[in-house]
Structure formats: C-alpha cells, structure tokens
Number of protein chains: 2
Amino acid sequence: MISGKFAITIHILTLLHKFPNDYLSSEFIAGSINLNPVLVRKEIANLKAHHIVESKEGKNGGTKLAVNAAELTLKQIFEMTFESIGLGFAKNQPNPDCPVGKNINQHLEVLYSEMNQNVSKQLEAISLEDFSNQF
Amino acid sequence: MISGKFAITIHILTLLHKFPNDYLSSEFIAGSINLNPVLVRKEIANLKAHHIVESKEGKNGGTKLAVNAAELTLKQIFEMTFESIGLGFAKNQPNPDCPVGKNINQHLEVLYSEMNQNVSKQLEAISLEDFSNQF
DNA sequence: TAAATTTGTAACATATTTTATTACAGTATG
DNA sequence: CATACTGTAATAAAATATGTTACAAATTTA
C-alpha cells in the first residue's frame with residue numbers, strides 16, 4: 001500500500017476525532033472510506049504500533065484515539081505512512097562506469113532530502129485537530 | 001511511468017548538458033541509465049513536446065539540448081514529469097453520505113496544493129546547470 | 001456458559017501500474 | 001543502397017497495490 005496509505009490513515013484519524021467517546025469498528029470506518037475492512041485494520045495496526053490509537057477486541061470492540069489531536073501533527077502522520085517524499089529513482093542501478101550514472105542517485109537523494117525537510121516543516125504546523133475541524 | 005520519470009528525465013538532461021555538441025543516441029543514454037532505449041525515446045518525446053531538446057533522425061542521429069541549461073529549472077522538469085506532488089488518495093470514492101467521506105478529498109487536495117507550491121519554490125531555485133555541475 | 005460480534009493476521013486472488021521487449025516504418029548519412 | 005538511427009504501436013512480463021476469504025482469539029451480553 002503506497003498511494004493510499006496517508007489518505008486512508010488521516011481519514012481514519014479524522015473519524016476517530018469526530019467520535020472521541022466511541023470505539024469505532026473497522027467495518028464502520030471502512031464504510032466511510034469505501035475500503036475493505038481488513039485494509040482498515042492493517043492501517044490501524046500501524047497506528048497502534050505508534051501508540052496513536054488503542055483498540056478493543058471482541059463484541060462492541062473497535063478503535064479510538066489515544067493521543068491529543070491538538071498535539072498530533074500531520075508531519076507525524078506523514079512519517080508513519082510515507083517515510084519520505086521525493087520524485088523517485090530509476091528502477092535499475094545506473095551504469096557505474098559513467099560519471100553521471102555513478103552519482104545521480106546520490107545527488108537525487110540530497111535533493112529529495114531537502115524537499116522532505118521543506119514539506120515536513122509545513123506539515124508540522126498542522127495538527128489533526130486543525131485538519132479535522134475543517135469538516 | 002511514475003516512479004522513475006523525473007529521475008530518468010533529469011539523467012537524460014544531465015548527459016545532454018555534459019555533451020553539448022553531440023547528438024546522443026537513445027542507446028548511449030540507455031546505457032548510462034540502464035534502461036530500455038525505447039523508454040528513453042519516450043521520455044525524449046516528452047521533452048521534445050516541451051521544446052527542451054531537439055532530435056535528428058537517421059544515421060548518426062540522436063538528441064541534444066535545445067535550451068540554455070542555466071535557464072531550465074528543476075521546477076520545469078518536475079512539471080513535465082510529475083504534474084504534482086502529494087501523499088495520495090484512497091483508490092475508491094469515499095462515502096458521500098458521511099461528512100468526512102464527502103469532503104476528505106477536497107481537503108487533501110488543498111493540502112497537497114500547498115505542498116506543491118512549497119516544493120515548486122524550492123525547485124525553481126535550481127537550474128539544470130546547477131544540478132549538472134555537481135557531477 | 002453459549003451466542004454474537006469484533007479484532008488480528010495469514011494466505012491467497014485480482015487488478016493496476018510500471019517496465020521491458022519486439023517489431024517495423026520512416027529518415028538521414030555516407 | 002546499406003547502415004544506423006528515431007518514432008511509435010503492440011504486446012509481454014514484472015512489480016505493486018488492493019481485495020477477499022478464512023479463522024483463531026477476545027470480549028460482551030443475554
């Protein structure tokens with residue numbers, strides 16, 4: 001899961017923020033995202049690993065937020081779901097006998113790293129609460 | 001082609017900048033990128049459509065830069081190969097009967113649009129010449 | 001304590017996207 | 001006219017993302 005991971009996760013978190021007192025089931029959440037509940041549970045597993053949510057198994061179980069939405073930033077969500085932004089690399093290892101091929105990936109990495117810092121600063125300024133309160 | 005398009009294109013352009021007097025063949029370029037020559041020609045077709053390079057068909061043909069490398073910015077290359085940056089969307093249309101589902105994509109679009117402006121500003125400050133001269 | 005409901009997870013299936021290959025017509029060079 | 005390129009379409013293969021099925025384990029509630 002790459003393309004949808006951030007979007008799905010922030011969707012889940014927004015729902016949890018809207019219902020702070022309930023344990024929401026993966027099926028309910030899946031109905032809002034229009035996604036298979038198993039995939040929702042997989043993203044929740046990721047959130048749990050980062051101690052962002054807590055789940056309850058069994059009947060009437062589900063998931064709820066475990067952190068203050070005002071203190072959770074989009075940067076953190078980004079890092080949990082995307083690692084890093086960038087414009088990609090060619091699939092195959094470039095020719096090491098060519099001065100350009102030998103060094104291109106290293107130079108791209110530097111460039112992308114700067115992009116990440118840039119975007120991270122922006123996302124750091126937005127909390128889940130900010131995002132959720134737009135709705 | 002998504003993941004590699006920008007990287008391949010800037011690789012091509014860097015090579016063309018290093019050999020400003022030659023028409024480089026797609027096979028030569030492909031050898032540096034370690035990529036099928038047909039895919040190189042496809043990216044070159046994109047560059048030609050943007051009047052960044054010119055090609056000569058026939059024997060001893062190939063491609064060379066058609067612009068001043070000092071005036072071509074990475075932002076322009078980004079726009080020719082990536083349209084826009086972002087953190088993706090869920091694949092399926094979210095539930096329109098849910099207040100969150102109904103509006104999430106619109107809010108994500110705004111967020112991603114801000115990211116784009118941010119990154120574009122950064123990439124605008126770097127020319128192909130700057131990038132190529134690192135090698 | 002039994003039935004119902006939900007998470008957690010693995011295994012597998014399908015769909016989508018990316019990358020690679022083959023083929024060949026068209027064009028310029030020598 | 002032989003050679004070596006580009007341009008492009010059609011197809012194949014590989015990689016990745018998404019979806020489905022299945023079921024054990026946990027918890028609630030009757």
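To find a chain, count down the sequence lines: A is the first, B the second, and so on, and within it residues start at 1.
- Summarising the geometry, the separation between CD1 on A:I33 and P on D:dT18 is reported as 12 Å, rounded to the nearest angstrom.
- Every residue two or more places apart in sequence or in another chain was checked for a side-chain contact (heavy atoms from CB on, under 4.5 Å) with B:K59, and none qualifies.
- Taking the side chain as every heavy atom from C-beta outward, A:P94 and A:N105 approach each other to under 4.5 Å.
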Could you run down nucleotides 21-30 of chain D 5' to 3' and tag each one B, S or - for protein heavy-atom contact under 4.0 Å? BB--BBBBS-
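- For B:E43 and C:dT18, the CD to P distance is 12 Å, given to the nearest whole Å.
- A heavy-atom distance below 4.5 Å is found between the side chains of A:I104 and B:F135.
- Where B:K91 and B:K48 each meet DNA chain D at their nearest nucleotide, the meeting point lying more 5' is that of B:K48.
- In this structure, the CZ atom of A:F89 is 13 Å from the P atom of C:dT19, given to the nearest Å.
- Within the structure, side chain to side chain donor-acceptor pair (under 3.5 Å) contacts touching residues 21-37 of chain B (residues at least two apart or in different chains) are B:H11-B:S32, B:Y23-B:E54, B:S26-B:R41.
- Side-chain atoms of B:Q76 come within 3.5 Å of backbone N or O of B:T73 as a donor-acceptor pair.
- Neither A:L35 nor A:V38 shares a network with the other; the hydrophobic side chains, linked directly or stepwise wherever heavy atoms of I, L, V, M, F, W or Y lie under 4.5 Å apart, form separate groups for each.
- In this structure, the CG atom of B:L39 is 14 Å from the C1' atom of D:dT11, given to the nearest Å.
- In the helix from C:dT1-D:dA30 to C:dG30-D:dC1, the rotation axis of the first five pairs and that of the last five pairs differ in direction by 10°, rounded to 10 degrees.
- The number of heavy atoms from other shown groups lying within 6.0 Å of CD (A:E114) is above 12.
- At a cut-off of 3.5 Å, with distance as the only test, a side-chain donor of B:T63 or B:S55 sits close to an acceptor on the other residue.
- When the P atom of D:dT18 is taken as reference, atom CG of A:N34 falls 13 Å away, rounded to whole Å.
- Here side chain to side chain donor-acceptor pair (under 3.5 Å) pairs that include residues 121-133 of chain B, with residues two or more places apart or in two chains, are A:N118-B:Q122, B:H17-B:S132, B:S127-B:D130.
- Between B:K64 atom NZ and D:dC5 atom C1' the separation is 17 Å, expressed in whole Å.
- Side-chain contact between B:F78 and B:I85 is present, with heavy atoms from C-beta onward closer than 4.5 Å.
- B:S55 has no side-chain polar atom (N or O) that falls below the 4.0 Å cut-off from OP1 or OP2 of D:dT6.
- When rounded to the nearest whole Å, the span between CZ of B:F6 and P of C:dT18 equals 17 Å.
- A donor-acceptor distance shorter than 3.5 angstrom exists from the side chain of B:N103 to the backbone of B:P99, with no hydrogens or angles considered.
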Contacts under 3.5 Å, N or O only, protein and nucleotides 12-14 of chain C:
none

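- Backbone-only contact: B:S26 has heavy atoms under 4.0 Å from sugar-phosphate atoms and none from a base.
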